[in-house]
Structures are given as C-alpha cells and as structure tokens.
2 protein chains.
Amino acid sequence: MLTSIPVTEISPRCSTCGMGQLCLPVGMSQQDLLKMDTLVQERVRVHKGETLYRMGDPLTAVYAVRFGTLKTHVTLEDGRSQITGFHLPGEIVGLDGLGEMQHASDATALEDAEVCVVRFSELQALSGDLPSLQTQFLRLMSKEISQDQVMLMTLGSMRAEERLAAFLVNLSERLSARGYSSSEFVLRMSREEIGSYLGLKLETVSRLFSRFAEAGLIQIRQRHVKLIDMAGIKQIYNRSC
Amino acid sequence: MLTSIPVTEISPRCSTCGMGQLCLPVGMSQQDLLKMDTLVQERVRVHKGETLYRMGDPLTAVYAVRFGTLKTHVTLEDGRSQITGFHLPGEIVGLDGLGEMQHASDATALEDAEVCVVRFSELQALSGDLPSLQTQFLRLMSKEISQDQVMLMTLGSMRAEERLAAFLVNLSERLSARGYSSSEFVLRMSREEIGSYLGLKLETVSRLFSRFAEAGLIQIRQRHVKLIDMAGIKQIYNRSC
DNA sequence: CGTGAGATTGAAGTCCATCAATGGTTGTGG
DNA sequence: CCACAACCATTGATGGACTTCAATCTCACG
C-alpha cells in the first residue's frame with residue numbers, strides 16, 4: 001500500500017530541497033521560497049509497481065517527484081495502453097487532471113519512489129499572495145504541453161531508430177540536469193515500456209539497441225546503458241534525409 | 001498581412017460573445033463576466049494561409065479563436081513537419097509558449113479567421129482580482145495536456161483506420177458543441193494536413209475515406225463529409241480486437 | 001540453485017509508404 | 001467568360017519498415 005509520511009519540523013522542506021532548481025520553486029527569491037514551506041504537508045512513498053493514482057480518480061492534489069521514477073499511462077477499453085511519460089525527480093505529475101478535477105491517466109512507480117503531495121486547495125490559497133508560484137505553475141503546465149507536442153512530432157513523423165535515439169538523448173539530458181552521468185545510466189523501464197512510450201513493439205526496441213551497439217554508438221547490457229558516441233546518436237535524428 | 005482590429009465600445013465583448021460557454025469565460029458569474037470585458041483590447045484578422053505566430057517568436061499574448069479554423073504545427077530542421085492541432089472557435093492557441101515566453105509552434109489559418117488577442121500582462125493583472133479567470137485558465141491548459149495525451153495514444157497505438165475514425169468523431173463532436181451539424185460538415189484541411197496530424201500519408205487518408213464510403217459509413221465528396229453510420233464509425237476504434 | 005520474467009534473435013507476414021499516373025476543382029488572367 | 005494552370009484528390013502497383021510469431025537466452029530474485 002501507499003505509505004503516507006507527514007512532513008514535520010525536521011523534514012526537508014521546499015526551501016532546503018535539492019530539487020529546488022528543477023521543481024516548483026525555480027527562480028524564486030529566498031523570501032518566496034520560505035513561504036513555499038507550508039505548501040507540502042504530506043509525502044507519499046510509492047513502491048515499485050504501485051499506483052499513485054488511476055484514471056478517473058478525483059483529483060485533490062498534484063505530485064512532485066522527490067526520488068524514484070514514475071510512468072504515466074492511459075488505457076483504452078480494449079486493453080491497449082500507451083505510456084505518456086516517464087517522470088524523474090523534480091517533475092510534477094497529475095497536471096492533466098486539473099481540467100476536470102479528476103485524473104486523466106494512471107501513475108505507476110517504476111522503482112521505489114517518493115512524491116510530495118501538493119494539495120490543490122493549498123496551491124490556490126498560497127498562489128494568492130505568492131504570484132511567483134502562480135507564474136511558475138503556469139510555466140510548468142506550458143512546458144508539459146510543449147513536451148507533449150514534441151512527442152507528437154516524434155510519434156507522427158519519425159522512424160523507429162530516430163525515436164529511440166531521441167529518447168536516449170532526452171533521458172541523458174534530464175539525468176544530467178539532476179546530477180547523474182549523462183553518458184552512463186540504468187533504464188528504469190522495460191523494453192516493452194520504452195516501446196509503448198515510443199509507439200513501437202518491444203522486439204523492435206531490442207533490435208534497435210542491438211544495432212546501435214553494433215554500430216558503436218552505445219554499449220548496452222540489459223538495462224545498463226553507456227552512450228559512446230553522442231554525436232553519432234544525435235545524427236540519427238538530425239540528418240536531413 | 002495580419003489586420004489588427006481595435007475593440008471599441010460597440011464591438012462585441014466577452015460578456016456578449018456567443019463563444020462564452022466554450023472559451024475563457026466558461027462558468028463565470030455575470031459579475032465576473034463583466035470584468036472580463038477589459039481583457040481583450042484587440043482582435044486580429046488572419047487570412048487563409050497567413051501565419052499568426054511562428055515558432056521562436058517572443059510571446060506577448062495567447063489567442064482565442066473567434067471565427068475560422070487554425071492549425072498549429074511544429075517543424076524539424078530537415079523540413080519534416082507535424083500538425084499538432086486544429087483549432088475551432090472558442091479554443092485558445094499559444095498556450096505551449098508560456099513556459100519560455102516564446103512560441104513553441106507555428107499557427108496558420110486554414111480559412112479566413114479572427115482571433116481575440118489576450119495579452120499575457122492583462123491576463124496576469126486581471127487574474128489578481130478575478131480568481132475564476134485564474135481557475136478557468138488552468139483548466140484550459142490542463143485540458144490541452146490531456147487532449148495531447150489522447151493524441152499520443154492515437155499516434156502510438158492505433159491503426160490508420162482507427163485514427164481516421166477517431167478524428168472524424170472528434171471533429172464532429174467539436175462542431176456540434178459549436179452549433180454546427182454533427183453529421184455533415186466541410187473539412188477545412190487538406191488530405192495532407194489530416195495525414196500530418198494523424199501520422200499518415202495523404203494517399204492513406206484518401207484511401208481510407210474511400211473505404212469508409214464504400215462500407216457505407218460516410219459519404220465524401222472532396223472536403224464535404226456526411227457521417228452516415230456514426231455507430232459504425234465509433235466501432236472502428238472501440239472494437240475490442 | 002532453480003525459476004520465471006524480461007531480453008534477444010530469426011523468419012514470415014502485414015500495414016502503410018512510396019512511386020506513378022490520372023482525374024477533378026478552383027482560381028486567375030487574358 | 002473561358003482556358004489554362006496549379007493544386008488537390010484518387011487509385012493502382014510495388015516495396016520496405018515494423019509487427020507478429022516463435023524459439024532460445026540471460027539474469028535477478030526468491
């Protein structure tokens with residue numbers, strides 16, 4: 001089950017959180033940052049494979065990933081499902097549900113994770129005397145829209161190898177922004193999950209990884225990846241064929 | 001060129017605009033609605049084929065479609081481009097650029113159109129003492145995210161005929177909400193544009209239209225469509241194959 | 001150490017793209 | 001107002017990219 005962890009005096013707060021430069025507080029003054037400390041009064045532990053929320057659940061909060069990795073996915077009646085995003089620490093999930101105040105996707109942990117619960121009521125209240133929070137929240141929503149549109153481009157007009165190359169580079173950059181190595185990392189998702197995200201079958205993903213490795217672009221052993229020739233990888237989707 | 005039309009005393013305003021129940025003012029009290037009248041101080045006429053904004057342009061406003069149809073599209077360096085949305089009256093375009101305050105896509109008119117210019121500075125100012133505007137704006141952004149995610153699902157896991165059927169139904173519903181016939185309408189976009197949006201080639205779109213017509217699901221002559229068997233069309237993408 | 005989920009690799013098949021030729025509609029300028 | 005051009009749409013034939021089906025293989029975990 002999901003474990004709830006109350007935030008106490010001694011817990012880390014927004015003002016002291018290492019994710020600050022990636023999360024809601026981006027660009028806030030020290031003064032504003034201190035006001036943020038009342039925003040999150042609860043955190044939730046989500047173990048690998050557990051679900052944070054499901055499509056249709058009433059939305060009372062959005063969630064900032066504190067550590068771990070989540071996936072968001074939508075499912076059709078006939079069982080087909082599509083992963084709409086992988087979410088790293090500092091990213092917000094649940095934004096797609098604010099319109100109807102009920103979640104428009106499922107969110108599941110790919111590894112043990114912890115999220116900060118950002119109650120929508122608190123968010124609204126605090127936004128009143130913290131315009132920078134308002135602005136920052138809009139900015140995050142807007143970024144989500146433009147990222148989804150890049151993904152639409154990827155699914156709509158790129159070939160399989162271009163999609164996978166773009167995926168690797170995107171992941172690399174996001175990990176790098178979080179202080180991890182940009183050239184060597186562990187995939188938290190299966191071939192099937194990568195395939196679902198990229199609109200491909202798991203066998204195709206596997207074959208492409210093998211081909212990339214053969215071409216000397218990457219090394220891959222199970223879920224451990226090393227990017228060898230970053231320029232070469234980028235060329236796959238940059239070449240003006 | 002784009003024609004700017006100042007909003008004067010006698011111009012239609014938000015409080016009297018027929019699009020009210022679809023646009024920013026949704027669900028506002030009469031009192032709030034009157035405050036909205038200061039929000040839009042300019043409208044812009046965009047003729048068929050003209051561009052409202054381009055990717056990279058600094059963003060100073062978002063735009064509410066008043067009449068006509070727009071498309072938004074993103075382009076890669078190599079020239080490939082993807083249509084990310086078709087926008088009908090009452091819908092807001094430009095939301096994807098708020099994150100960086102510069103536009104993340106191009107917006108082009110498919111037919112002569114007019115948009116209300118919603119300056120971001122005005123929006124922020126007015127949001128201060130009009131919380132319902134704030135809420136409504138968040139709601140619209142959130143809907144855009146969840147719509148994009150439905151589109152990701154469509155591109156990532158549906159077959160060609162399912163995509164086209166879903167497209168027709170979606171368009172039908174949106175036209176219906178605007179007071180037009182849900183069963184008979186004119187496509188404002190070419191086969192190629194439909195194909196770009198759905199991740200298909202124009203020949204595929206054309207063939208599918210012909211097949212749908214042969215199956216008695218629709219009638220189609222150039223851009224004039226009549227949906228004959230709505231249940232049958234929905235079955236194409238609902239059947240639990 | 002054994003088991004089972006996940007990953008790899010091969011062979012065959014399908015769906016959609018590409019290439020190509022023709023037909024239809026719209027709009028423009030003589 | 002007509003003729004022509006330009007654009008858009010249709011349809012057929014062929015090919016290729018990715019999927020599907022299937023048989024191992026690998027490794028993480030009890």
Side-chain angles (χ1 to χ4, degrees), chain A residues 47-49 71 79-83 108 110-112 154-168 186-215 218-225 236-237 239 241, chain B residues 47-49 71 79-83 108 110-112 154-168 186-215 218-225 236-237 239 241:
Chain A
H47 294 104
K48 182 175 177 170
K71 65 174 175 181
R80 279 183 294 184
S81 95
Q82 170 85 20
I83 291 179
T108 306
L110 294 177
E111 60 183 326
D112 289 359
T154 303
L155 293 183
S157 45
M158 284 188 170
R159 290 149 19 84
E161 61 175 18
E162 299 175 306
R163 296 185 204 179
L164 190 62
F167 169 75
L168 286 174
V186 173
L187 298 169
R188 297 302 175 182
M189 62 297 284
S190 69
R191 301 291 188 265
E192 183 165 20
E193 286 166 330
I194 296 172
S196 169
Y197 182 57
L198 298 177
L200 302 170
K201 291 292 152 186
L202 70 94
E203 295 94 329
T204 305
V205 173
S206 179
R207 268 183 253 271
L208 287 171
F209 274 142
S210 301
R211 263 175 45 196
F212 285 4
E214 235 171 292
I218 66 173
Q219 283 175 14
I220 185 154
R221 235 183 92 93
Q222 298 291 118
R223 297 191 178 185
H224 190 104
V225 203
I236 289 178
Y237 62 87
R239 63 140 187 265
C241 72
Chain B
H47 293 105
K48 183 175 178 172
K71 66 173 176 182
R80 277 183 294 186
S81 96
Q82 169 85 21
I83 291 178
T108 306
L110 293 176
E111 59 183 326
D112 289 358
T154 303
L155 293 183
S157 45
M158 284 187 170
R159 292 149 19 83
E161 60 175 18
E162 299 175 307
R163 296 185 204 179
L164 189 62
F167 169 73
L168 286 175
V186 173
L187 299 169
R188 297 303 175 181
M189 62 297 283
S190 69
R191 302 291 188 264
E192 183 165 20
E193 286 166 330
I194 297 171
S196 169
Y197 183 57
L198 298 175
L200 302 170
K201 290 293 152 183
L202 70 96
E203 294 95 329
T204 304
V205 173
S206 180
R207 267 184 254 273
L208 286 171
F209 275 141
S210 300
R211 264 176 44 199
F212 285 3
E214 235 170 291
I218 66 173
Q219 283 175 15
I220 185 154
R221 230 184 96 92
Q222 297 293 118
R223 298 192 177 183
H224 190 104
V225 202
I236 289 179
Y237 62 88
R239 60 138 189 268
C241 72

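All chains are named by letter (A, B, ...) in the order of the sequence lines, taking the proteins before the strands, and each is independently numbered beginning at 1. Note that the structure is predicted; figures quoted are calculated from it, not measured.
- Side chain B:Arg221 to base C:dG24: no donor-acceptor pair is found below 3.5 Å.
- Taking atom CE of A:Met158 as the reference point, atom C1' of D:dA17 lies 17 Å away to the nearest angstrom.
- Residue contacts shown for A:Leu202 include a base, since a base heavy atom lies under 4.0 Å away.
- Here A:Ser190 lies in heavy-atom contact (under 4.0 Å) with sugar-phosphate atoms only.
- Between the side chain of B:Arg207 and the base of C:dT18, a donor-acceptor pair under 3.5 Å is found.
- Between A:Glu192 atom CD and C:dT8 atom P there is a gap of 13 Å when expressed in whole angstrom units.
- With DNA chain D read from its 5' end, the first of the two nearest nucleotides for B:Glu203 and A:Lys48 is the one closest to B:Glu203.
- Between A:Thr204 and D:dC18 there is no side-chain N or O to OP1 or OP2 distance below 4.0 Å.
- Among the atoms of the strands shown, none is found under 4.0 Å from any heavy atom of B:Arg163.
- Considering A:Lys48, A:Arg188, A:Arg223 in turn, A:Arg188 is the only one that fulfils the salt bridge (Lys or Arg N to Asp or Glu O under 4.0 Å) rule with A:Glu111.
- Counting non-hydrogen atoms under 4.0 angstrom, B:Gly199 reaches the backbone sugars and phosphates but no base.
- Separating the NZ atom of A:Lys201 from the P atom of D:dA22 is a distance of 16 Å, rounded to the nearest angstrom.
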